[in-house]
Amino acid sequence: MEVVIVPDAKAGGELIAEAMAQLLRRKPDALLGVATGSTPLPIYQALTAKVRAGEVDASRARIAQLDEYVGLPTGHPESYRATVLREVVEPLGLDADAFMGPDGSAEDVQAACEAYDRALSEAGGVDLQLLGIGTDGHIGFNEPCSSIASRTRIKTLTEQTIADNARFFDGDLSQVPRHVITQGIGTILEARHLVLLATGEGKADAVAATVEGPVASVVPASALQLHPHATVVVDEGAASKLKLTQYFRHTFANKPEWQGL
Ligand code: PGA
């Protein structure tokens, strides 16, 4: 696992957006797996700026969603489909048909999950998957103790995640859906490059357990240790509980070519 410590969220966003731009220059129709939440927004802003400045052509990019709430009315502004369309697809100037995601309003949720896993494979697999991390160590909505081999499926959110996400629902815990569809950890591990961004001290414990702890389903993000090409980008706050900080800084200093990955 490669750990890169950046001064702040903006720098993390810029670094990852440049990695995405370089991927798109090599593979213009790359399938980009995107995450929701507050953390990745600087990435999308930086990538959009590069597109608008003519530094990269994203017109053939394809976008895949990581997870989705179950049961929100179609078009609800906090559904992840609506969020990805608003934050990623529209700013990049892509058509809605460049975008794929699980159907959170399907009557048969299990069938929708299986269909999404199939669709990802048929699309050739995700080239670069962006990930955030929950304060409880989740990736996607794979909450603690999710199987490391899991596929896309329905999950129940923990109280912690419901509390963390209430800010998107006017702070009203009762409005946060209890169920979600998420790419499984096994599904996520099939992407060719995993890039996790974590910012702020609130993520420091989860980051330390992910990077320096054992691989364990109780910390779902620790499964990144199993991936041959996983990059963790953290700001000073999120890095504050790492013990091997000097080594990670050293890694970054000596791997400028990372930006070409
Ligand atoms: P956040 O969410 O970026 O809003 O903190 C991250 C996550 O829950 O994966």
Side-chain angles (χ1 to χ4, degrees), residues 6 8-13 15-17 33-47 64-70 72 77-84 86-88 101-102 104 126 128-146 150 152 155-171 173 175-185 187-189 191 194-211 217-224 230-241:
V6 292
D8 53 31
K10 190 165 183 289
L15 190 68
I16 295 170
V34 297
T36 46
S38 315
T39 309
L41 296 179
I43 305 171
Y44 306 140
Q45 284 154 9
L47 185 59
Q65 198 176 326
L66 181 62
D67 46 15
E68 181 58 282
Y69 290 117
V70 169
L72 286 181
E78 293 307 329
S79 75
Y80 284 175
R81 179 181 176 84
T83 304
V84 171
R86 188 172 62 239
E87 306 289 356
V88 184
V126 173
L128 185 154
Q129 177 65 55
L130 296 176
L131 297 166
I133 185 169
T135 53
D136 62 3
H138 70 217
I139 46 173
F141 273 133
N142 294 284
E143 297 286 27
C145 299
S146 290
S150 51
T152 300
K155 290 288 286 180
T156 305
L157 293 182
T158 59
E159 291 304 317
Q160 176 72 59
T161 302
I162 291 168
D164 286 348
N165 286 12
R167 68 189 194 281
F168 296 112
F169 294 85
D170 298 325
L173 267 65
Q175 296 301 308
V176 183
R178 268 35 188 177
H179 295 106
V180 290
I181 293 175
T182 182
Q183 283 189 34
I185 299 175
T187 314
I188 291 169
L189 290 175
L194 300 179
V195 181
L196 186 149
L197 176 63
T199 52
E201 274 180 37
K203 301 291 173 68
D205 285 321
V207 166
T210 296
V211 174
S217 64
V218 73
V219 182
S222 67
L224 267 67
T231 306
V232 175
V233 179
V234 281
D235 71 356
E236 301 281 348
S240 60
K241 298 211 171 151

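Order of listing sets the numbers, starting from 1, for every ligand and every atom in it.
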Problem set entry | Any donor-acceptor N/O pair, Thr182 side chain to Asp67 backbone, under 3.5 Å |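 Not at all, since once roles are kept as given, no pair shorter than 3.5 Å links the two residues.
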For this session: For ligand 1, would you mind listing the residues that have at least one heavy atom less than 4.0 Å away, ordered by chain and number?
Result: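 Those residues closer than 4.0 Å to ligand 1 by some heavy atom are Gly37, Ser38, Thr39, Gly132, Ile133, Gly134, His138, Arg167, Lys203.
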For this session: Check the pair Leu66, Val34 against side chain to side chain contact (heavy atoms under 4.5 Å, CB included), reporting the backbone distance first and the verdict last.
Result: CA-CA 6 Å; Leu66 181 62; Val34 297; over 6 Å; no
For this session: If a pair satisfies salt bridge (Lys or Arg N to Asp or Glu O under 4.0 Å) and one of its residues is in residues 199-211, list it, with sequence neighbours excluded.
Result: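 For residues 199-211: Asp205-Lys241.
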Problem set entry | Any Val234 side-chain heavy atom under 4.5 Å of Val6 side chain |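 The answer is no; the side chains never approach within 4.5 Å.
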Exercise. Thr231 versus Leu196: any side-chain heavy-atom pair under 4.5 Å?
Worked result: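 Counting from C-beta outward, Thr231 and Leu196 never come under 4.5 Å.
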Problem set entry | Ring centers of Tyr69, Phe168 separated by less than 6.0 Å |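 Between Tyr69 and Phe168, the centre distance exceeds or equals 6.0 Å.
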